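The structure displayed is predicted, hence computed values, not measured ones.
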Amino acid sequence: MTGIARRLLLGGTTGLLAAPAILHAQPAGGVKIGLVAVQTGPQAALGTQLRDGFLQGLRHLDGKLGGLTTEVVHIDDELRPEVAVTKVRAALERDRVDFVVGVVFSNILQAIIRPVTEANTFLISTNAGPSTFAGRGCNPFFFTTSYNNDQVHSVIGQACEDAGYRRVFVMVPNYQAGRDAVAGFKSRFKGQVVDEVYVPLTQLDFSAELAKIAAARPDAIFTFMPGGLGVNLVRQYRQAGLANIPFLSTFTVDEATLPAQGEAALGFFSAASWAPNMDNEQNRRFVRDFEAQFNYVPASYAAQSYDGAMLLDSAIRKVGGNLRDKDALRAAIRAADFRSVRGPFRFGVNHYPVQDFWLLKVARRPDGKFQTETERRVLQADVDPWAAECRMR
Amino acid sequence: MTTQLLLVQALNGLQLGVLLFLVAAGLTLVFGVMDFINLAHGVQYMLGAYLGAAFAAATGSFWLGLALALPAALAAGLLLELLVFRHLYDRDHLSQVLATFGVILVLNEGVKVVWGAAPLQVPIPPLLEGGIEIMPGLQYPIYRVAVLGAGIATAGLLWWLVERTRAGMLVRAGATNPAMVSALGVDVRQLFTMVFAFGAMLAGFAGVLAGPIFSVEPGMGDNVLILAFVVIVIGGIGSIRGAFVAALLVGLIDTLGKSLMPDLMRLFLDASAARQAGAALASMLVYVAMAAILAFRPAGLFPVRAG
């Protein structure tokens, strides 16, 4: 305990002492962003999407957030919590970043939220949105521009209700996020779950599960198979001739995996609060310039990070570039006075977005590339199920 | 569960077994003949998949891709042997594990630098598209039948090579007593290089075949490698016959376990708990089986090395 207390104390005093030095070191009115994006391992593609989305936002803002020259410190969390904590601490203490932005995975967010927020630094998650920080654990220094995971799964539950499916087959990986997906789905689906199948995260071949699905003859299947798991499942599902059973999924078919799934995913469903084809001026400009710059179709990771850049821009502008008054800055971020690529966007009491959710369908564009497209709006101005437990007002 | 579903699941188990055999065959040769623990075998499988995907995309034909990827995988294996592995044969197993683990890290990052982190797409060749209906609503892809055939043909070819040719005789002799083979005037180093390159090509072959079924991505070899080690340990290190039997066994245990365990657990637990516990148990089953087999036959089902 004393060790921690001393470190906090030391951190506080060096912060005060170092403050004038920073003013000298940086041209007046600079802002430093620590951008946390996984660049190592099989999930690096998602980190790349997230990073490029934020950089595209900066590019549209001429490299300035709220008029302040912006420097980005890139942090590769390596998808290892202990590595993330070390690197983020270094960014806070050595590089003196003003904001920490990014984070693809919840377990990384859970590791870094304390070091960041205890240093009175704002943490803007542009993807990870676990329920842990949406309810009782909500935090005045934490915002997310994505969603609460439970909401996305519940969208499919609602979509199955709306479509009149009575018997749905559920298949998820056997770990916490998989079980959360089932819970989220069931929170809105009232029909019969014919079977719940849990597969190991290292699963390669889905033949056994596909045979079960064929035998159960459900009205539809709901699945959550992120990354390579989803690539395997989607291809094998199509190859097994099961595609006549509607395939509804979360985080399984998106622009990060579609290049590998291709035609096999055509007509499959997903759920999100954003899709590349959303018809508003902000989004058209984002998608067009992003593709021109990076030469691939952006996924939600990129869109939410782009919004993250726009959000910070609006907030810093609102406080006139004064990053010291944290309360004013918080109020400015909370106001969310920017135009989101997904249209209507505001923050709830717990700093999670209140937004619409859509059923998306995989389609082939005229240029031959694949993307998800909005099928219909399922939830309108949806507040996540945890917000009521948050005592932050 | 109906008899029909059970038969389908058995077929799926055999399918997985044949895929595992393709990876494990090269591994067991290298481990058995050279007493060399090659953790990098999994990344050689990955490299094969990437080379196959790249050549198929460049030439527009899966078959040309396969034809080009095999010599490329062989060359990559020879290069690795020359640069890294050759210096490790006389070292202890720990050094081999460390160095080959280093190769895993380097190659996993390497393919990401060259091909990017996103998974690649490898379409099924048009000749093998479509499927056979094996139960109402379920197609068995023709491509998988072809993979099954390729795996069994490979097993036959390997059996012939190892049991019926002079080179095979040396390989078997090398696996049993390398010092004696060397004393009889055989260039063991050359034999090792040959076996290693052949093993690398087998891994690459498995990778190319896996491309249209599995996701071609960095790290795809890591999961396969663990199962391949289970297979060669169960089968008896160095034994092709053992690897074949063990691969089918592992494939069957894994697939049938996955389909039966959750139902079995329902006898003791409520539905939701049974499904999760059953799934967890099923994923352990292969390792439990390995432990059980080793308890009764410590050298595996078909031991090669005497003493």
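- Most heavy-atom pairs under 4.5 Å with chain B: of the set A:Thr48, A:Thr40, A:Val231, this distinction falls to A:Val231.
- Taking a 6.0 Å sphere around CG of A:Asp367, one finds it holds more than 12 heavy atoms contributed by other residues, nucleotides or ligands.
- Looking at A:Ala44, the atoms closer than 4.5 Å to chain B (heavy atoms on both sides) sit in the backbone and in the side chain alike.
- No part of B:Ala282 comes within reach of chain A, as not one of its non-hydrogen atoms sits under 4.5 angstrom from that chain.
- For the atom pair B:Leu14 CG and A:Ser207 OG, the distance stands at 11.5 Å (nearest 0.5 Å).
- B:Asn223 touches chain A through its side chain: at least one heavy atom from C-beta onward sits under 4.5 Å away, while N, CA, C and O do not.
- Contact record, B:Val8 with A:Ala211: CG1-CB, 3.8 Å, taken as the closest heavy-atom pair.
- Heavy-atom contacts from other residues, nucleotides or ligands closer than 6.0 Å to CZ of A:Arg365 number more than 12.
- If you measure heavy-atom distances from A:Glu196 to chain B, the contacts under 4.5 Å come from both the backbone and the side chain.
- Put simply, of B:Ile134, B:Asn12, B:Val122, the one with the most heavy-atom pairs under 4.5 Å next to chain A is B:Asn12.
- In this structure, chain A has no heavy atom under 4.5 Å from any part of B:Pro123.
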Test B:Ile213 against A:Gln236 for side-chain contact (heavy atoms from CB on, under 4.5 Å), laying out the working first. CA-CA 7 Å; B:Ile213 305 178; A:Gln236 294 172 17; 3.4 Å; yes
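- By number of non-hydrogen pairs under 4.5 angstrom with chain B, the leading residue of A:Gly228, A:Gly227, A:Gly241, A:Pro200 is A:Gly228.
- Between B:Lys258 and A:Asp205, no side-chain nitrogen of the basic residue sits less than 4.0 Å from a carboxylate oxygen of the acidic one, so the salt-bridge criterion is not met.
- With a threshold of 4.5 angstrom between heavy atoms, B:Gln276 approaches chain A through its backbone and through its side chain.
- Of all heavy-atom pairs spanning B:Pro119 and A:Ala260, the tightest one is O-CB, 3.2 Å.
- In this structure, chain B has heavy atoms under 4.5 Å from both the backbone and the side chain of A:Asp195.
- Residue A:Lys212 comes nearest to B:Pro262 through the heavy atom pair NZ-CG, 4.3 Å, listed as atom of the first residue, atom of the second, then distance.
- Looking at heavy atoms from C-beta onward, B:Gln121 lies out of side-chain contact with A:Pro259 at the 4.5 angstrom threshold.
- B:Phe214 is not listed as a side-chain neighbour of A:Arg235, based on a closest heavy-atom distance of 4.5 Å or more.
- Residues B:Ala279 and A:Asn174 approach most closely at CB-ND2, 3.8 Å, considering heavy atoms.
- Neither the backbone nor the side chain of A:Gln49 comes within less than 4.5 Å of any heavy atom in chain B.
- Most heavy-atom pairs under 4.5 Å with chain A: of the set B:Glu129, B:Arg144, B:Glu133, B:Glu109, this distinction falls to B:Arg144.
- Only the side chain of A:Gln203 comes within contact range of chain B, with heavy atoms under 4.5 Å apart.
- Judged by distance alone, the side chain of B:Arg275 and the main-chain N or O of A:Tyr198 form no donor-acceptor pair under 3.5 Å.
- Heavy atoms only, all atoms of each residue included: B:Leu5 and A:Ala215 are closest at CD2-CB, 3.9 Å.
- When A:Ala208, A:Gly178, A:Gly230, A:Ala45 are compared by the number of non-hydrogen pairs under 4.5 Å with chain B, A:Ala208 comes out ahead.
- The distance from the CG atom of A:Leu201 to the OG atom of B:Ser283 is 10.0 Å, given to the nearest 0.5 Å.
- Residues A:Gln239 and B:Gln139 fail the side-chain proximity criterion, which asks for heavy atoms closer than 4.5 Å.
- A:Glu209 has its side chain out of reach of B:Ser259: every pair of non-hydrogen atoms, C-beta onward, lies at least 4.5 Å apart.
- By the 6.0 Å contact criterion, OH on B:Tyr287 is enclosed, its count of non-hydrogen atoms from other residues, nucleotides or ligands being greater than 12.
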